[in-house]
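Along the sequence shown, the residues carry numbers beginning at 1.
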Amino acid sequence: MSGSLWVGGDEGQDTLPFIPRQRLPRLPEDDPLAELALRLEDLIAAAVHPDEIAAIIESDGMSDAQIRAVYGHPDSFSLAEELYGRVERRYPEPLAPPSEPWHAHLGSCLLRGLVFALPGLAYVLGAPLLSGPRTTLGLPAGTIPLLAGAVTGWVWNQSLSHRAHSWLSLADRPAAVRALRLGAPLGAALSSLAALAATGPGELPAAAFAAGQCCYLAAATALLVLGRERPLFWALLPLTLGVVPGLPSFVGPVLLLGSLTAAVTLAVLTLRGEPAGPGPRGAVSPRVAASVPYGLFGLGAGVLVLYAALGDIFRHGSAGTVAGPSAVALTLSMGPAEWLLHRFRAESLAGLRTTSSARGFRGSVAATVTVCIGAYLLILAGLAEAGTRLWPDAPALSGLRLATLLLIGAVLWTGLLLQSFGAAPGAALVCCTAAVAQTLALLLGAPPPTGLVVSGTAAALLAMLVCVLVGRATAHRP
């Protein structure tokens, strides 16, 4: 990516002069502060803010009481400022190009976006199973079992995905496979039971469809965590045949059952083919509670996406259009969103290497995050407009509907950004609160602008959390 678009990139590093290392002069041995500065000299010289040095001091195990007794400073922050002032800043050119832990191929991310969106065609093919009179809430028949199964599956599978990724980050792939082997079938069973419990009279076909949806979510979670996007894409591709006009009525159920069977079979074969024996010795097991906020974020984000989809349901009058143009635009946009998220993290690391002051780093990061979220919202707006034009009998994309959709997209992208920094609890709290407010507004029959207010408030709160977090240099250390 060219430096003209991404701010803070590492282009031109080969023109920076190498600053030779200058050792601190040896001071009397009874000067503990000078000894500490000499011992931590390389780390202090590379810091762009005293807070980084404070983090190093605290990680060294020094308490405030020890700092007062040995160095005469009240706390680690005061000591860090003294050390920061004593040691000259030095940013020598690396001998080799640094590795980029957040590198991601655009093609892979776009493929994941397609994998997220293609299951929406299942709701179009399964529309005959979801027909009937409207429920007491004004929703088409079959909608409640679908929502119950989907929401339960989202919470469970988001938590399961985080736990499996936690094991992968510890280089313990067998433990991740064991977690998926146990968690995926259990999640499918629990979400299917939730759909069955929400089934009303005459909605058994919808309950069967919801159970298939739950099994697919579990299988897709296992395949995506283990990097099997391409086989999953081929399993879902036959669903596109369902949009061909003039097909016999039996073709839809056959395509649905075929894709579901292919996805579940792929997941089973993949999990069986992976080693699941003991992992590396001494590995610390990630806490189960650490995955809960990620599941709650999945719940809140899922409800907000459903709110966008429910607007299409009310306009079209069928639960089969739960994958209407708004929901399809949001799911398709997740591919570019993931790539832009990786680009931001990569560019922020480059800015950390190339800036020499805390103010310069904050400016670089602020410009980069603005470019990334602006690019994402432009892509989402384009997908929404294209989907509205291509979707059969879809109403025009009004300004209110587009603004609400873009704000929901901003909530999703900033929430994912916070998650990538490990700040999932804050993102989960904001998203779940917005989801509750949105649900109450829907049940109470609030006017459409209410959704705009709720989504806008959530987006503003998450934006503030992002500003607080990404402005700290210590948050970007690999």
For [X] versus [Y], what's the shortest heavy-atom pair and its separation?
X    : Y    : result
S161 : T221 : CB-CG2, 4.2 Å
A210 : P145 : CB-O, 3.9 Å
F297 : C431 : CE1-SG, 3.4 Å
A428 : L296 : CB-CB, 3.9 Å
L380 : G409 : CD2-CA, 3.8 Å
A148 : A194 : CB-O, 3.7 Å

To the nearest 0.5 angstrom, please state how far the [atom1] atom of [X] sits from the [atom2] atom of [Y].
X    : Y    : atom1 : atom2 : result
L340 : H342 : CG    : NE2   : 11.0 Å
L405 : L304 : CG    : CG    : 11.5 Å
I408 : L452 : CD1   : CG    : 9.5 Å
I56  : D51  : CD1   : CG    : 11.0 Å
S259 : L236 : OG    : CG    : 6.0 Å
S333 : L378 : OG    : CG    : 12.5 Å

Side chains of [X] and [Y], heavy atoms from C-beta outward: is any pair under 4.5 Å?
X    : Y    : result
L260 : V264 : yes
F421 : R345 : yes
Q158 : Q419 : yes
L168 : V225 : yes
V177 : T270 : no
R343 : E347 : yes
S159 : V292 : no
P119 : Y216 : yes

Decide yes or no on side chain to side chain contact (heavy atoms under 4.5 Å, CB included) for V454 and T404, but give the supporting numbers first.
CA-CA 9 Å; V454 172; T404 304; over 6 Å; no
Can any side-chain N or O of [X] pair as donor or acceptor with the backbone N or O of [Y] at less than 3.5 Å?
X    : Y    : answer
S169 : S166 : yes
W154 : G295 : no
T240 : L237 : yes
R163 : P286 : yes

Would E274 and R228 satisfy salt bridge (charged side-chain N to carboxylate O under 4.0 Å, His left out), going step by step from the backbone distance to the final call?
CA-CA 12 Å; E274 291 278 349; R228 300 295 192 270; 3.2 Å; yes
Evaluate L160 against N157 for side chain to side chain contact (heavy atoms under 4.5 Å, CB included), listing each step before the verdict.
CA-CA 5 Å; L160 175 63; N157 289 307; 4.3 Å; yes
Parallel, tilted or perpendicular: which one describes the rings of W413 and F344, with boundaries at 30° and 60°?
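Rings of W413 and F344: perpendicular, as their planes differ by over 60°.
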Using the side chain to side chain contact (heavy atoms under 4.5 Å, CB included) rule, pick out the option among V430, L412, L417 that qualifies with L462.
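Result: among V430, L412, L417, V430 is the only option passing the side chain to side chain contact (heavy atoms under 4.5 Å, CB included) with L462.
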Test side chain to side chain contact (heavy atoms under 4.5 Å, CB included) on L226 and L271 and set out the steps.
CA-CA 9 Å; L226 297 177; L271 290 174; 3.8 Å; yes
Run the numbers on M334 and L416 for side chain to side chain contact (heavy atoms under 4.5 Å, CB included), then give the verdict.
CA-CA 10 Å; M334 287 298 100; L416 291 173; 4.2 Å; yes
